[in-house]
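What follows is one structure encoded as structure tokens, with my remarks underneath.
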Amino acid sequence: MTGTTGASYAAAGVDIEAGDRAVELMKEWVKKTQRPETTGLGGLGGFAGLFDASALKRYERPLLASATDGVGTKVDLARKLGVYDTIGHDLVGMVVDDLVVCGAEPLFMTDYICVGKVHPERVAAIVKGIAEGCVLAGCALVGGETAEHPGLLGVDDFDVAGAGTGVVEADQVLGADRIREGDVVIAMASSGLHSNGYSLVRHVLLDRAKMSLDAQVAELGRTLGEELLEPTRIYSLDCLALTRTTEVHAFSHVTGGGLANNLARVVPDGLHATVDRASWTPGPVFDLVGKAGQVERLELEKTLNMGVGMIAVVPPSSVDVALATLADRGVESWVAGEITARGDHKTGATLMGDYA
């Protein structure tokens, strides 16, 4: 028919050229994450990322560990604030710190970025944050995917997810089977909310309390938005340093479900973990959420990390070296509890007392 124009991918809302531009912008950041096992192998733009597995020959029996995650509704705050280069730290932290719980060294990651419309500079900023997080974690970013979903997402909407692979010697896998009565629970401070509980946080602070992300909050010492976008602390290299310097029986990554529920995941049948709240003071953002939403303490504790992002369970003989190692690496840590016989408790973990 004369005068009609055929349908096209671009007319449907997908911009191939913008996607290509985003890839070019992110290449320099991805290059910074290379490890010896990825140097010279392919490169960004291929159909699959490559990793030289011959490096694993030094292991007697290498076990590969895999984890995948996202950062939840924290991405909505990044979108509203127009800050795209920190959310990648959160993504890496959520993935690699799950890997290291079993003692695995993170080797490489891939990412998936879904957008309503490709804004090349925004996508590159997200990947920049992911790459910086990978450097902090000691792993390579070997590939990823950017998908444009017009009609399903708004032009400024996006989401991120990632998957990581690590390796651990079979006879060095950490976990519940190593924990013994009398072991000590060492807490490592979080950098803030990390990437969990943001549906509650957004509901309480933005919807109910009507706080502005740009508002200066005296008790936080910065704007609300800056506090809420504080990146997740990445503990993987710190945890690996502990395994090299002293004996560690288990780690627990404190994410969704809070400290007690995540610690309970590595406590064996017949034992119980008791954590003393008086051993630390949660940061002011946790009090802010609690007061603004009149949220009960137990509800806060099963939703937010309350200032503890990672737990190490070690024998008493390892405590001093563990604390010193973490201090040398700039990680605030302290003795927070112990492993006891179950007694009247169910197998799991309990928080006791009041916060300092």
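Residues: numbered from 1 along the sequence shown. Values reported hereafter were calculated over all heavy atoms of this structure, with side chains retained and with hydrogens, waters and symmetry mates removed.
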**OP:** Would you please indicate yes or no on a ring centroid separation below 6.0 angstrom for Tyr235 and Phe251?
**Re:** no
Using a strict 4.0 Å threshold on nitrogen-to-oxygen distance, state whether [X] and [Y] make a salt bridge.
| X | Y | value |
| --- | --- | --- |
| Glu219 | Lys291 | no |
| Asp156 | Arg122 | yes |
| Asp354 | Arg297 | yes |

Determine whether [X] and [Y] fall in the same hydrophobic cluster, where Ile, Leu, Val, Met, Phe, Trp and Tyr are linked whenever their side-chain heavy atoms lie under 4.5 Å apart.
| X | Y | answer |
| --- | --- | --- |
| Leu323 | Val275 | no |
| Val75 | Ile130 | yes |
| Leu220 | Val204 | yes |
| Leu205 | Leu81 | yes |
| Met310 | Val71 | no |

Original post:
Do Leu107 and Phe51 pass the side chain to side chain contact (heavy atoms under 4.5 Å, CB included) test, and can you show the C-alpha distance, the side-chain angles, and the key distance before you say yes or no?
Top reply: CA-CA 9 Å; Leu107 298 175; Phe51 184 92; 3.9 Å; yes
Quick one: does any side-chain atom of [X] pair with a main-chain N or O of [Y] as donor and acceptor, under 3.5 Å?
| X | Y | result |
| --- | --- | --- |
| Asp111 | Gly144 | no |
| Thr246 | Val321 | no |
| Asn262 | Gly258 | yes |
| Arg277 | Gly353 | yes |
| Lys74 | Ser199 | no |
| Asp159 | Val115 | no |
| Thr281 | Ala356 | yes |
| Ser318 | Glu247 | yes |
| Glu227 | Leu224 | no |

**OP:** With side chain to side chain contact (heavy atoms under 4.5 Å, CB included) as the test, would you mind laying out the steps for Met94 and Ile234 before giving the verdict?
**Re:** CA-CA 8 Å; Met94 297 304 290; Ile234 297 173; over 6 Å; no
To the nearest 0.5 Å, how far apart are [atom1] in [X] and [atom2] in [Y]?
| X | Y | atom1 | atom2 | result |
| --- | --- | --- | --- | --- |
| Asp69 | Asp97 | CG | CG | 10.5 Å |
| Asp157 | Asp76 | CG | CG | 7.5 Å |
| Leu242 | Leu326 | CG | CG | 4.5 Å |
| Leu50 | Glu37 | CG | CD | 13.0 Å |
| Met306 | Leu259 | CE | CG | 10.0 Å |

Please table the atom pairs, donor to acceptor, closer than 3.5 Å between any side-chain atom in residues 162-177 and protein atoms at least two apart or in another chain.
from	atom 1	to	atom 2	distance (Å)
Glu169	OE1	Glu60	N	3.0
Glu169	OE2	Glu60	N	3.1
Glu169	OE2	Arg61	N	2.5

Subject >> Worked verdict on Leu99 versus Ser236 for side chain to side chain contact (heavy atoms under 4.5 Å, CB included) >> reply: CA-CA 8 Å; Leu99 291 175; Ser236 57; over 6 Å; no
Subject >> CZ/Arg265: more than 12 non-hydrogen atoms of other groups inside 6.0 Å >> reply: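 For Arg265, atom CZ is not crowded (no more than 12 foreign heavy atoms under 6.0 Å).
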**OP:** Give me the ring orientation class for Trp280 and Trp334: parallel if the planes are under 30° apart, tilted from 30 to 60°, perpendicular past 60°.
**Re:**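 Plane angle between 30° and 60°, so tilted.
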Original post:
Which is it for Leu136 and His89 under the side chain to side chain contact (heavy atoms under 4.5 Å, CB included) test, yes or no, and what are the steps along the way?
Top reply: CA-CA 9 Å; Leu136 292 174; His89 285 237; 3.9 Å; yes
**OP:** Not counting sequence neighbours, which residues clear side chain to side chain donor-acceptor pair (under 3.5 Å) with Thr303? List them please.
**Re:** none
Any donor-acceptor pair under 3.5 Å linking the side-chain atoms of [Y] with those of [X]?
| X | Y | value |
| --- | --- | --- |
| Glu121 | His119 | no |
| Thr255 | Asn196 | no |
| Thr245 | Thr325 | yes |
| Thr350 | His272 | yes |

Subject >> Stepwise salt bridge (Lys or Arg N to Asp or Glu O under 4.0 Å) test for Glu332 and Arg233 >> reply: CA-CA 12 Å; Glu332 181 186 358; Arg233 175 168 282 168; over 6 Å; no
**OP:** Could you list the residues that satisfy ring pair (Phe, Tyr, Trp, His ring centres under 6.0 Å) with Phe286, not counting sequence neighbours?
**Re:** none
